[in-house]
**Student:** 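Sharing a structure below in structure tokens format, with a few things to ask.
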Amino acid sequence: MTTKTILTICLLTLMACRRGGDASSSPCVDMSTCADVNCQPATNLFKFVLLDEETGEDLVFATNPLLQPSDITVSNNAGIELAVTAYNRSFGAAHLSVETGKNQVKDTLFLEIQGQRIYTLYPRFCNVSCCTPMAYELRTQKGDVKRRSEHIFPLTY
């Protein structure tokens, strides 16, 4: 092979490795780099917002919200109801959060609003830092949901 061919291959490989960085690329860390980090066992974190399907307005954190956090329940496939925590804008982007099981790569969750099942959620989890497992990918019965920054998934209702 010529030097020019080798340099071209190296350049293309480097460009392919650097591609990504948008919200759809995997944020997972290589856990082999965390060997010296001492973490407490952490539960997987799934963060989401509920938006009006027509207007896109936040249904929980709007000035005049149509829903309260208490209207929303999330349970796992074992039928266990998980605590839904509301974080307002003082903690970054407003969102709702659920902690699921530990050391799971994926889970099945059921989201209900005012007692009516709205979504079946299939999040996939990974460590986004050595000690922080979060959902990085989400499928629902309605299709894939692209995450926003801060790992928040917008769900419409």
**Student:** Can you find a heavy atom in the side chain of Leu111 that is under 4.5 Å from one in the side chain of Leu109?
**Tutor:** no
**Student:** Specify the closest pair of heavy atoms between Pro27 and His151, including all atoms of both residues, with the distance to one decimal.
**Tutor:** CG-CE1, 3.5 Å
**Student:** Ser129: what forms a side chain to side chain donor-acceptor pair (under 3.5 Å) with it, not counting sequence neighbours?
**Tutor:** Thr132
**Student:** Should Tyr157 and Ile113 count as side-chain neighbours, where that means a heavy-atom distance under 4.5 Å?
**Tutor:** yes
**Student:** Indicate, with yes or no, if Met31 and Tyr136 share a hydrophobic cluster defined by side-chain heavy-atom contacts under 4.5 Å among Ile, Leu, Val, Met, Phe, Trp and Tyr.
**Tutor:** no
**Student:** Which ILVMFWY residues can you reach from Val37 by hopping between side chains whose heavy atoms are under 4.5 Å apart?
**Tutor:** none
**Student:** Which pairs of donor and acceptor atoms, one on a side chain in residues 47-59, lie under 3.5 Å apart (sequence neighbours left out)?
**Tutor:**
| from | atom 1 | to | atom 2 | distance (Å) |
| --- | --- | --- | --- | --- |
| Lys47 | NZ | Glu150 | O | 2.8 |
| Asp52 | OD1 | Glu54 | N | 2.7 |
| Asp52 | OD1 | Thr55 | N | 2.8 |
| Asp52 | OD1 | Thr55 | OG1 | 3.4 |
| Thr55 | OG1 | Glu57 | N | 3.2 |
| Asp58 | OD1 | Val60 | N | 2.8 |
| Asp58 | OD1 | Phe61 | N | 2.9 |

**Student:** Once side-chain contact (heavy atoms from CB on, under 4.5 Å) is applied, do any residues pair with Arg139, and if so which ones, sequence neighbours excluded?
**Tutor:** Tyr122, Asp144
**Student:** Identify each donor-acceptor pair in which a side-chain atom of residues 72-84 lies under 3.5 Å from a protein atom, sequence neighbours left out, and give them as a table.
**Tutor:**
| from | atom 1 | to | atom 2 | distance (Å) |
| --- | --- | --- | --- | --- |
| Asn76 | OD1 | Ala78 | N | 3.0 |
| Asn76 | OD1 | Gly79 | N | 3.2 |
| Asn76 | OD1 | Ile80 | N | 3.0 |

**Student:** Quick one: name the residues clustered hydrophobically with Met134, using the 4.5 Å side-chain heavy-atom rule over I, L, V, M, F, W, Y, and just say none if it's on its own.
**Tutor:** Leu45, Val128
**Student:** Please list, chain by chain and in numerical order, all residues satisfying side-chain contact (heavy atoms from CB on, under 4.5 Å) with Asp36, sequence neighbours excluded.
**Tutor:** none
**Student:** How would you list, by chain and number, every residue that makes a side chain to side chain donor-acceptor pair (under 3.5 Å) with Glu112, sequence neighbours excluded?
**Tutor:** none
**Student:** Minimum heavy-atom separation for Val145 to Pro154, with atom names?
**Tutor:** CG1-O, 3.3 Å
**Student:** Taking side chain to side chain donor-acceptor pair (under 3.5 Å) as the test, write out the residues that go with Ser32, two or more places apart.
**Tutor:** Asp30
**Student:** What distance do Ile152 atom CD1 and Tyr87 atom OH have between them, rounded to the nearest 0.5 Å?
**Tutor:** 11.5 Å
**Student:** Can you see which heavy atom on Gly101 is nearest to which on Asp107, and at what distance?
**Tutor:** N-OD2, 4.3 Å
**Student:** Looking only at non-hydrogen atoms, find the nearest pair between Cys130 and Val29 and report the distance.
**Tutor:** N-CG2, 4.2 Å
**Student:** Could you tell me whether the side chain of Phe153 reaches within less than 4.5 Å of the side chain of Thr140, counting heavy atoms only?
**Tutor:** no
**Student:** Please check if Ile118 and Phe46 belong to a single hydrophobic cluster, counting links between Ile, Leu, Val, Met, Phe, Trp and Tyr side chain heavy atoms closer than 4.5 Å.
**Tutor:** yes
**Student:** Taking disulfide (SG to SG under 2.5 Å) as the cut-off, I'd like each qualifying pair that reaches into residues 36-81, sequence neighbours left out, listed once.
**Tutor:** Cys39-Cys131
**Student:** Hey, what do you get for CZ (Phe125) to CG (Asn44), rounding to the nearest 0.5 Å?
**Tutor:** 4.5 Å
**Student:** Taking C-beta and beyond as the side chain, do Leu121 and Thr108 meet within less than 4.5 Å on heavy atoms?
**Tutor:** no
**Student:** Side chain of Tyr119, backbone of Lys142: donor and acceptor closer than 3.5 Å?
**Tutor:** no
**Student:** Go through the structure and list residues passing side-chain contact (heavy atoms from CB on, under 4.5 Å) with Lys106, not counting sequence neighbours.
**Tutor:** Arg124
**Student:** Using the disulfide (SG to SG under 2.5 Å) rule, collect all pairs that involve residues 46-84, keeping only residues at least two apart or in two chains.
**Tutor:** none
